[in-house]
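Only one structure is covered here, and it is reproduced in the block below.
Reminder, nothing fancy here: chain letters follow the sequence lines and each chain counts from 1. From a predicted model like this one, the values you see are computed outputs, not experimental measurements.
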Protein chains: 2
Amino acid sequence: MIEIFKALGDENRLRILNILKNYELCVCELEVILEISQSNASRHLAKLKNVGIITASKDGQWVHYQLSKKFAEKNKPLLEYLEAGFQSNEIFENDLNRYVIYKDSEYNCQTITNDKDLVTKYIDLKSGGIDNE
Amino acid sequence: MIEIFKALGDENRLRILNILKNYELCVCELEVILEISQSNASRHLAKLKNVGIITASKDGQWVHYQLSKKFAEKNKPLLEYLEAGFQSNEIFENDLNRYVIYKDSEYNCQTITNDKDLVTKYIDLKSGGIDNE
DNA sequence: TTAATATATGAGTATAATCGAATATATGCA
DNA sequence: TGCATATATTCGATTATACTCATATATTAA
């Protein structure tokens, strides 16, 4: 339990989990949605995975992360608490909004590879200006 | 939510909360039950109090700490998760056992003041030897 | 096989958390 | 008032955590 709380006591990891709670993403997508560096994203994902909160599935050179069904099943009250916390916080709502914009667009991992800035700017624009404003 | 997780991501604070979840104790009692220093106990209690998980009530020179009813009411799923975690862990079970031994004894805060070692040794003995063994 | 790419990991640094020891504050009592 | 006591806080040292930049690993595709 302590390790779980430690893993959840970090803003970036909570932001990641907020997305993965509902969707399955690869690392490069999380980089763009949350605007964090590749190594940072990878490291936080590793931490969440190490304590069993999320799982990874490899798809070629891409790695998709998702909420662990086993964990969610075994820890329903915690998931419920997280959901309530996510819903009452602007940061998490904004991140989710950014992801939905991306998901509903024509862009994908390949687009991000080709022109990461393009995708980032598209999301920024559609989500109503620069992030964190 | 982040602050809550940070507050819960520490073994000593979880051990404190494990006791306060069911009982109301003053600082000197927590020192003896958990075998932590006075300044450490006070510090951790302050942290739990600052994020609203516990409350304090002053009784003369003593300060009693208890789980915040408001917090528990507003965060039932979290409390449920904690309870499950506490019950499946030997450390927390042992701490609770130590408190019950103390509570059912003739000792109290005054006894602890007069001879802290006596109370500690009584609990150690009754709980089946030295703590953490 | 070689080049390109997605992700993971290592090294170094900055920041934050924890702890023990000492001190400050506040209350109770003689 | 002056002393003893319960708790809170400060200081300094140590350890842990998070971040950036650089590099390693593994996979794809030419």
>> Between B:E29 (side chain only) and B:C26 (backbone N and O only), is there a donor and an acceptor less than 3.5 Å apart?
In response: yes
> Want to settle it: does A:Q61 or A:R13 sit nearer the 5' end of DNA chain D, counting the closest nucleotide to each?
Replying inline: A:R13
>> If I take atom CD in residue B:Q38 and atom C1' in nucleotide D:dA8, what distance separates them, rounded to the nearest angstrom?
In response: 7 Å
> What nucleotide, of D:dA8, D:dC19, D:dT20, holds the atom closest to the side chain of B:V63?
Replying inline: D:dA8
>> Between B:K47 and B:G60, which residue's closest nucleotide on DNA chain C lies nearer the 5′ terminus?
In response: B:K47
> Does A:Y65 make a side-chain N or O approach to OP1 or OP2 of C:dA6 shorter than 4.0 Å?
Replying inline: no
> Could one point to a donor on the side chain of B:S39 or the base of C:dC19 with an acceptor on the other under 3.5 Å away?
Replying inline: no
> B:E35 CD to C:dC19 P: how many Å, rounded?
Replying inline: 15 Å
> Expressed in angstrom and rounded to an integer, what is the separation of A:I16 atom CD1 from D:dC19 atom C1'?
Replying inline: 14 Å
> Which nucleotide in the set C:dA6, C:dG20, D:dA8 lies at the smallest distance from any side-chain heavy atom of B:S37?
Replying inline: C:dG20
> Heavy atoms under 4.0 Å, any strand shown: does B:C26 hit a base, just sugar-phosphate, or nothing?
Replying inline: sugar-phosphate
> Side-chain N or O of B:N40 less than 4.0 angstrom from OP1 or OP2 on C:dT18?
Replying inline: no
>> Could you check whether B:T111 and B:N114, counting side-chain N and O atoms only, form a donor-acceptor pair closer than 3.5 Å?
In response: no
> Just how far, in rounded Å, is P of C:dA17 from CD1 of B:I36?
Replying inline: 18 Å
>> Please confirm whether the shortest side-chain N or O distance from B:S42 to OP1 or OP2 of D:dA8 is below 4.0 Å.
In response: yes
>> If you assign each of A:D59 and A:H44 to its closest nucleotide in DNA chain D, which residue comes earlier from the 5' end?
In response: A:H44
> Given atom CG of A:L25 and atom C1' of C:dA6, what is their separation to the nearest angstrom?
Replying inline: 15 Å
> Should A:I33 and A:Y23 count as side-chain neighbours, where that means a heavy-atom distance under 4.5 Å?
Replying inline: no
> Is a donor on one side and an acceptor on the other found under 3.5 Å between the side chain of B:N97 and the backbone of B:E93?
Replying inline: no
> Tell me: CG of B:L45 to P of C:dT18, nearest whole Å?
Replying inline: 13 Å
>> Could you tell me how far apart A:R43 (CZ) and D:dC19 (P) are, to the nearest whole angstrom?
In response: 9 Å
>> Expressed as a whole number of angstroms, how long is the span from B:E11:CD to C:dA17:C1'?
In response: 15 Å
> What nucleotide, of C:dC19, C:dT5, D:dA26, holds the atom closest to the side chain of A:K58?
Replying inline: D:dA26
>> So does A:F71 get a backbone contact from the side chain of A:N75, meaning a donor-acceptor N/O pair under 3.5 Å?
In response: yes
